[in-house]
Amino acid sequence: MLLGFTNLLPAVLFVFLAVDKMKKPVVSMHWFRKGLRLHDNPALLAAVQQENVTKMYPVFIIDGDSYQLKHCTALRANFMVECLQDLDQNLRKLGSRLYVGSGDPTEVLPKLWKEWGVTHLTFEEDETGEPYAKQRDEQVLEQAKECGIEIKGFASETIHPLKKYAENAGGSVPNTMGSFQALFGKMGNVPKPMGPPKKFPPADGVDSKTMLPPKRPTDLPWPRNIPREEVRPLWGAKDCENLTPIVRGGEALALKQLKKTVEDRPNYVATFEKPKTSCVATKQMSTTGLSPYMSWGCISPRQLWYAITESSNRSSVSSKSKPPVSLHGQALWRDFNHLMAHDANKEVPGSWGGIEGNKYCRPVPWDDDPEMFAAWKECRTGYPWIDACMKQLQQEGWIHHLGRHAVACFLTRGDLWQSWEKGAVHFESHLLDADYALNGFNWLWLSCSGFFYQYFRCYSPIAFQKKNDPTGAYIRKYIPELRALPAKYIYEPWTAPANVQSNAGVIIGRDYPKPIVDHATESKENMNKMKTAYDVYKERQKQNGNKRSAGTEPAKSPAKKKQKSQR
DNA sequence: TTGGGAGTTGTTCAA
DNA sequence: GTTGAACAACTCCCA
């Protein structure tokens with residue numbers, strides 16, 4: 001009996017192993033949303049390294065309703081198209097490919113799971129709580145659970161996961177950069193970035209002609225149930241031709257740019273101070289130009305962190321720049337901003353990015369003047385420096401950070417007294433590097449609605465650039481009608497005598513607008529309005545027991561209605 | 001509890 | 001060209 005059992009053992013073991021293997025043939029799907037890269041992508045790596053994986057499908061669903069696409073310009077959509085093409089090419093080099101679907105992920109994905117027999121799903125988590133992504137993910141994950149699919153999400157959009165920052169902060173999330181830096185110091189070493197997967201499990205249809213990445217922005221779907229003209233500016237056929245982005249999309253170009261601007265320039269990196277970089281460069285960017293890649297996740301934040309560290313270590317300069325102005329500081333700002341978005345949305349879901357319910361936003365009684373807003377976004381404020389920045393945004397999808405400061409200040413507390421929410425939506429649609437967390441943070445900051453409160457420090461649309469670019473080369477590039485004006489008048493063309501205007505071929509008021517407001521008058525008046533708004537807020541806070549209250553109903557300011565300049 | 005110091009990136013003017 | 005003070009006075013942090 002015993003002998004008989006011993007003889008049977010190998011056979012039993014074989015059957016057991018075979019059944020076990022048969023029981024768990026893994027078909028994994030990696031769902032790309034952002035994080036459009038192969039390197040340092042823990043979710044992708046997990047999909048590839050899954051035990052018993054027989055097939056693996058890398059998928060991207062083009063979703064017209066997503067934060068990235070809903071309001072976007074053709075220029076911005078084009079960047080995404082380039083990212084997807086690059087991702088597909090890189091996957092093909094490793095024996096896989098990208099499957100691109102189109103439509104509502106909650107409808108498209110379940111069909112694909114069924115068709116392909118998917119058993120495991122991986123993705124990069126959206127920790128900021130961006131409203132559309134949140135509801136989409138909740139629904140998709142619920143559907144996946146119902147289908148018996150094993151789900152794994154990974155937080156890799158920031159240097160450390162946002163939940164970890166919040167945990168380590170012990171209930172009180174830092175809301176100043178200084179305190180965030182202190183928290184970052186307590187987080188331990190930054191984990192080393194992982195390399196790309198070396199090999200991919202097979203996927204069906206590598207050579208098939210279905211589900212290929214789009215070739216041009218016009219191939220992209222429109223948002224569902226929303227009239228086109230309401231959501232996407234500049235989407236005529238003409239707008240989609242001859243695009244002039246300041247950078248092109250894709251992980252390959254991202255890593256090339258990282259090498260060119262960070263890895264190969266140790267002294268530049270070691271001495272980098274953001275406020276000292278030029279915002280009027282007309283030939284080569286004074287900053288790294290990596291932000292569009294960061295917003296789509298073409299470069300991992302940890303890859304960036306170590307590239308900066310290693311490059312700086314190779315520099316021989318004795319005095320190196322430090323956060324918050326250094327390049328490491330820029331990476332920290334990014335995490336800090338994401339943490340703030342995460343925290344605001346934790347308290348009131350979806351409140352970040354707007355005034356209503358946003359715990360970090362002070363209510364300010366902004367005006368709502370469509371004409372003022374239109375002049376700002378259509379580059380016709382009559383202030384050449386402001387209009388030139390807005391023109392660069394329109395043409396290239398990018399402005400230097402200080403240029404963004406100038407135009408954001410001008411629209412809100414500086415001159416036009418329009419709500420920052422409108423400006424934020426406009427930036428979201430035009431910027432190649434639009435990022436939910438960063439965009440919200442910077443608009444709060446510049447409008448003095450949150451994080452920055454020194455409203456008496458106000459950018460002048462004239463003086464600020466005069467000192468950096470006394471010849472006005474930047475203005476001449478983006479506002480060609482002013483090209484021939486003497487430097488003396490380039491920042492204030494309305495002050496040029498009639499014969500000077502005539503000689504330069506531009507008549508102010510006919511060929512280029514007169515200033516929409518008088519900066520000296522408006523900025524002073526607006527400072528008083530800010531003071532009133534702050535006083536009202538303080539009073540309310542007292543009544544609420546000094547608790548940080550969400551910005552709901554703006555206090556009515558007694559200030560008189562803005563009058564347009566008659567000059 | 002309170003007061004001093006710091007806060008990524010303001011402007012203007014005088015010396 | 002550079003530097004520093006005045007402008008009028010914000011919030012948050014920390015001792």
Side-chain angles (χ1 to χ4, degrees), chain A residues 169 172-185 271-281 286-288 291 308 320-337 340 343 359-364 383 385-386 389 399-410 412-415 438 441-470 491-492 518-542 546-549 551:
Chain A
S172 171
V173 172
N175 62 4
T176 63
M177 182 55 173
S179 46
F180 176 76
Q181 280 176 241
L183 172 63
F184 185 83
T271 56
F272 183 96
E273 287 183 42
K274 185 65 167 278
K276 289 186 183 164
T277 58
S278 170
C279 55
V280 287
S286 62
T287 47
T288 62
S291 57
I308 295 167
K320 293 181 181 177
S321 57
K322 289 187 177 65
V325 292
S326 65
L327 269 181
H328 271 141
Q330 304 314 300
L332 292 179
W333 277 104
R334 186 174 175 278
D335 272 30
F336 174 43
N337 290 185
M340 291 296 91
D343 189 57
K359 71 188 273 197
Y360 292 113
C361 179
R362 280 189 184 192
V364 174
Y383 285 94
W385 156 236
I386 300 298
C389 285
I399 328 175
H400 184 277
H401 195 59
L402 288 175
R404 299 182 197 195
H405 276 216
V407 299
C409 182
F410 188 88
T412 58
R413 67 183 168 92
D415 296 80
L438 273 59
F441 183 93
N442 283 306
W443 277 97
L444 283 170
W445 183 288
L446 264 306
S447 65
C448 278
S449 301
F451 306 107
F452 179 77
Y453 306 97
Q454 290 162 274
Y455 56 76
F456 42 87
R457 290 197 177 169
C458 180
Y459 287 93
S460 158
I462 301 156
F464 183 71
Q465 266 332 310
K466 228 180 202 173
K467 63 175 187 272
N468 296 325
D469 185 22
Y491 286 94
E492 300 165 275
D518 175 42
H519 170 72
T521 315
E522 293 300 330
S523 58
K524 217 163 198 179
E525 196 178 298
N526 290 347
M527 277 180 209
N528 293 332
K529 289 191 205 168
M530 284 305 285
K531 170 137 187 70
T532 308
Y534 275 26
D535 287 345
V536 171
Y537 175 80
K538 240 189 276 181
E539 196 51 44
R540 279 195 190 169
Q541 248 199 331
K542 256 190 218 165
N546 275 334
K547 273 187 190 157
R548 182 181 283 280
S549 60

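When reading the values below, keep in mind they use all heavy atoms of this one structure, side chains included, and skip hydrogens, waters and symmetry mates.
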Can you list the steps and then say if Lys466(A) with Glu492(A) is a salt bridge (Lys or Arg N to Asp or Glu O under 4.0 Å)?
CA-CA 10 Å; Lys466(A) 228 180 202 173; Glu492(A) 300 165 275; 3.1 Å; yes
Could you walk me through whether His405(A) and Tyr459(A) pass the side chain to side chain donor-acceptor pair (under 3.5 Å) test, one step at a time?
CA-CA 8 Å; His405(A) 276 216; Tyr459(A) 287 93; 2.9 Å; yes
Under the side chain to side chain donor-acceptor pair (under 3.5 Å) rule, what do Tyr360(A) and Asp343(A) come out as? Steps first, then yes or no, please.
CA-CA 9 Å; Tyr360(A) 292 113; Asp343(A) 189 57; 2.6 Å; yes
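For the pair Cys279(A) and Phe464(A), the minimum side-chain heavy-atom distance is below 4.5 Å.
Taking 4.0 angstrom as the limit, Tyr453(A) places a side-chain polar atom (N or O) nearer than this to OP1 or OP2 of dC12(C). Contact annotation: Lys531(A) reaches the phosphate of dC10(C) (side-chain N/O to OP1 or OP2, under 4.0 Å).
Among Tyr455(A), Phe452(A), Tyr453(A), the one residue that satisfies the ring pair (Phe, Tyr, Trp, His ring centres under 6.0 Å) test with Trp445(A) is Phe452(A).
As a whole-Å value, the separation of Lys538(A) NZ from dT11(C) C1' is 9 Å. Separating the CG atom of Asn528(A) from the P atom of dC7(C) is a distance of 17 Å, rounded to the nearest angstrom. One interatomic measurement links the two molecules: CD of Gln541(A) to C1' of dT11(C), which rounds to 10 Å at whole-angstrom precision. Rounded to whole angstrom, the span from the CG atom of Leu183(A) across to the P atom of dC13(C) amounts to 13 Å.
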Produce a footprint string for nucleotides 8-15 of chain B: one letter per nucleotide, 5' end first; B if the base is under 4.0 Å from any protein heavy atom, S if only the sugar-phosphate is, - if neither.
BBBSS---
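As rounded to the nearest Å, dG10(B) and dG1(C) have P atoms that lie 22 Å from one another. A gap of 14 Å separates the C1' atoms of dA9(C) and dG7(B), to the nearest Å. Atom name P, nucleotides dT8(B) and dA8(C): the rounded distance is 25 Å, in whole Å.
Side-chain rings of Phe441(A) and Phe451(A) approach one another, their centers coming within less than 6.0 Å. Side-chain rings of Phe184(A) and Phe336(A) stay apart, their centers remaining 6.0 Å or farther from each other.
Counting only Watson-Crick or G-U wobble pairs whose defining distances are both under 3.5 Å, the stems of 3 or more consecutive pairs in DNA chain B are B:2-7 with C:10-15, B:10-15 with C:2-7.
In this view, Glu539(A) satisfies the salt bridge (Lys or Arg N to Asp or Glu O under 4.0 Å) rule with no residue, not counting sequence neighbours.
His400(A) and Thr277(A) form a side-chain donor-acceptor contact under 3.5 Å, judged by distance and modelled atom types alone.
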